[in-house]
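Structure, as C-alpha cells:
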Amino acid sequence: MVLNPVISKLAGKLVVLASASPRRLEILSNAGLRFEVVPSWFKETLDKGLFKAPHEYAVETAKQKALEVARRMPFKHLKTPDIVIGADTIVTVDGMILEKPVDKEDAYRMLSSLSGKEHSVFTGVAIVVCHEKENEEVDYQLIEFYEETKVKFADLSDNMLWEYINSGEPMDKAGGYGIQALGGMLVEYVHGDFLNVVGFPLNHFCKQLDLIYNRCTSSADQEIVSVRLSHNGSHATSILTQPPPGLPAQSSPSPSSKAKPNPSSSPTPANYTHHTQNSSSANPVHKVKRKSSEGEVDESSWMLVNSLSKHTDDREAEFIYNTTLPLVTSSGQVIELSVTEHEDSEPKKDDLQRIIDLMDGFKASKALFTASKMCVFDLLQSRPGLDAAQVAQEIKASVKGTACLLEACVSLGLLTSKQRACQKSVYENTDLSSHFLLSDAPFSLRGYIQHCNDTVWPLFSHLESAVREGANQREKAFGKTSKDMFQDTFYNSQEAKLRFMNAMHSIAKVTGRAVATAFDLSSFKTACDLGGCTGAMAYEFTKAHPGLSVTVFDLPAVVEMSEHFLPLHTDNRVSFVAGDFFKDELPKADLYILARILHDWPDEKVGILLSKIANACTAGCGLLLSEIFLDEDRRGPSRGLLQALSMSEGKQRSATEYGLLLKSHGFITAHVRHTDNLLDAMLCIKV
Ligand SMILES: O=c1[nH]cc([C@@H]2O[C@H](COP(=O)(O)OP(=O)(O)OP(=O)(O)O)[C@@H](O)[C@H]2O)c(=O)[nH]1
C-alpha cells in the first residue's frame, strides 16, 4: 500500500492546506495527514480566456492559492511552512467552465446545463515545497498536477433541480452540486477518482508525494517550477519547466503519523488531528471565537469547529492559530473563526523591529542619496582608508556632519570602518557600494538614486496631499504646472533631461539582462524598443540574442543625446529612430518591446499606444511587456504599490490585468516570467 508510507514522510513537517474547503480538510485528515489550515486569500478571478485548456486554469488557480499562503505565512504567522497544498476544482461542460454558483439562478443555470449529460470535473493541485535559507529568503519548488473525472447526470426535471437548489447544498460547490451528499442522487455514473470530484484527488496526490520523497522517476504530467520569494513580499520567480530539476532532499526517517486513517469514503471530521508541531514556540497562544454569519451555528458546523481544536487541550478551545478563518460547512453555512491574542501578550521583538525599520526607512534612503550625491563612494573607491576629516575636506562639508554620515553608512552596510591606532576610524566601500553606487560601475544605480533624490523625494514629501487629492503633486513639488510629465518635468531643460536619461540608463542596465533573457526570442529577427531611451535595454537584447537587431524609438529630444550613452563595444545592431509613439508611425519590427512604459500613462493613452502596436503587427509578431507585475490580489510587491503613490497618471497592474489589456488589442499571453530582478516580463503574440 503506497498511501501510508508516503503520508508518513510528511510527519514532522509543517504542512499547510491553503484551502477553506471543509471537504479537502476532511479528505486529507482522513488520510492521516497532519496539517494546519490557512485558507488562501487569492481571489479566483483569473481570466479563463487566457488558458488553452480548462485544467490549466484550475492548476494556475491552485498554484496562486498555495503561493499566496506560502508567501504570507512568514509575515503573518511568523513561520515558514515546509509544504503548502493548494487546490481548485472546476466542472466543464459544452466548452464552459463552471465554478461555484453565485446565487440560486446561477446554480439552476449550471445544473440544467449538466442534466442528462456527461461532464468533466478537474481538480488542479499545487504543492509548494519551501526551503528556508540562512539569508531569510525562501526557495520554493512547485509541483503541479491535475486529475480529471467524468460524471454523468441523469435527466433532471425542473422540480428536482429546484428542490435540490433549495436544499442549500449547491452554493459552495463547483458546478453547483455535492456528489458526496444529496447531489449523489443526480449522478448516473462516475468514471475516475470520486474524491477528485469532491475536491481533492488523494490518490494522485500520494503518487506525487511518492515521486518527491521516494525519488522515483518523474511522471510526464508533473511539472516542477522553482520559485524564489523574498520575505519582503516581493516575488522573483525563475521558472524551470520539466523535467524536474533537483527534487527536495529525501526526508530523514521520521516516526509515522499517529492519526489513524479513516477508510470511509464519506469524510467525517471525527478523527482529524490538528497539527501543532513547530507552532508553540513561534506563536503566542490564541483563543478561537466561533460565530456564524447566519446567527445560530448548526450541528455540523460545531463538529467542524470542534474538529479543528480536537487533540489540543480542552481549555477554552485554545489552539495555535493566528488568522480569521472563514469556513464553509457541508450545509453551506459560513462560520468565521475570529482569532484574538491574549490581552497580556507582549509585542513580538521582530514586529517592533519591523515597525522601527519602516519608520526609519526614509532616513536610510536620504542618507544613501546624500552620500551618493556628495560622491562619498567614488572618493573612497579611489582613496580607500580616509578618515572623516579627510573625507569632509574632499567633499567640502563639516567634519561633524561627515562623521555622522559615514557612521550611518557603516550601519547600513554601505561602508566598513576600521579603527586606527590613533583612535580615528577610517572608511572603505563595501562590495554593495562598489557594485551599485560608483559612477562608473557596470551596474551603477547612481543615476537612478539621483532621480529618486531630486524628483521622487519631493513628490513623496507631499504624499498626504497626494492621497487627499488623488492627484500628483508636481506643481507643489517643483513649483510649476505640468500637463505632460515627460515634456514638462523630465525634458524641460538639458540638465533635467540628462539627469532623467541617466536614471533610466542605470535602471535599464541593472534590469535589462533579466528581461532580455526571460524568453526564447530566436524566432524574432527585428525588435523595436518603444521609449527605449538611451538604448541600454536594447543593447542587452542584442547581447542575449545574436540574431536580433533592435531599433530604439524615442522622442527626438532623447535620441539626440543617445550617443552620450553608447557602450564601448557595439556591433551596430542597435539603431535609433526619433518620433512620438502616440503620434508617429512606428518602425516595422517582428517584436515590440515595452519596458517600464505602460504604468506611466492613463488608460486612454495606453489604448492609443497598444492600438498602434497592434496595427503595426502581423499575426505571429510579438510584444514583450516588462513592468512590475502586482500580485493578483494586489497585496504586493510593495515596490509596485509604493510606486503607485507618486500618483502618476498611469497605474500599476497585475500580470492578468496586463494580459487582458493586451488581449483586447489582439494579443494572447504566451509566457509570464517573474524575473529574479526588479522587473517582471510577459511575452504576447499577435493572433
Ligand atoms: O461534488 C462536489 N464538487 C465540488 C465540491 C466542492 O466545491 C468546492 C470547489 O471550489 P474551490 O476549488 O474554489 O474551493 P473552495 O471551496 O473555494 O476552497 P479554497 O479555499 O480552496 O478556494 C470545493 O470546496 C469542493 O470541495 C464538493 O464539495 N462536492
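Computed over heavy atoms, backbone and side chain alike; hydrogens, waters and symmetry mates excluded. Remember, it's 1-based here, ligands and their atoms both numbered in the order they're listed. Since the model is a prediction, treat every value here as computed from it, not as a measurement. One-based numbering along the sequence shown.
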Show your reasoning for whether side-chain hydrogen bond (donor to acceptor under 3.5 Å, both in side chains) applies to Glu60 and Gln64. CA-CA 6 Å; Glu60 182 62 27; Gln64 296 298 340; 2.7 Å; yes
Nearest-0.5 Å distance, CZ of residue Phe153 to OG of residue Ser115: 8.5 Å
Give me the residue, atom name and distance of the protein heavy atom closest to [atom].
atom                    : result
atom 16 (O) of ligand 1 : Ser21 CB, 3.6 Å
atom 8 (C) of ligand 1  : Asp172 O, 3.5 Å
atom 22 (O) of ligand 1 : Lys65 NZ, 2.6 Å
atom 6 (C) of ligand 1  : Arg23 NH2, 3.7 Å
atom 20 (O) of ligand 1 : Ala20 N, 2.7 Å
atom 14 (O) of ligand 1 : Arg24 NH1, 3.0 Å
atom 3 (N) of ligand 1  : Val197 O, 2.9 Å
atom 26 (O) of ligand 1 : Val198 O, 2.6 Å

Against heavy atoms of [X], which atoms of ligand 1 measure under 4.0 Å?
X      : answer
Ala87  : 21 (O)
Glu44  : 13 (O), 17 (O), 22 (O)
Lys100 : 10 (O), 13 (O), 15 (P), 17 (O)
Gly178 : 1 (O), 2 (C), 29 (N)
Ala174 : 4 (C), 7 (O), 8 (C), 9 (C)
Gln180 : 1 (O), 2 (C), 27 (C), 28 (O), 29 (N)
Ile179 : 1 (O), 2 (C), 29 (N)

Is Ser40 close to ligand 1, meaning an N/O of one under 3.5 Å from an N/O of the other?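 Checking ligand 1 against Ser40, no N or O pair falls under 3.5 Å apart.
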Measuring from non-hydrogen atoms of Pro39 to any atom of ligand 1, is the shortest distance under 4.0 Å? no
With a 4.0 Å cut-off on N to O distance, would you call [X] and [Y] a salt bridge?
X      : Y      : value
Glu657 : Lys651 : no
Glu105 : Arg109 : no
Asp631 : Arg71  : yes

Flag for [Y]-[X]: side-chain donor and acceptor within less than 3.5 Å:
X      : Y      : value
Tyr146 : Glu56  : no
Glu132 : Thr80  : yes
Thr123 : Asn196 : yes

Would you confirm whether the ring centroid of Tyr177 sits within less than 6.0 angstrom of the ring centroid of His119?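 Yes, the ring centres sit under 6.0 Å apart.
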State yes or no: are the ring centers of His55 and Tyr57 separated by less than 6.0 Å? no
Do Arg23 and Phe200 come within less than 4.5 Å of each other through their side chains, counting heavy atoms only?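 Not touching, per the 4.5 Å side-chain cut-off.
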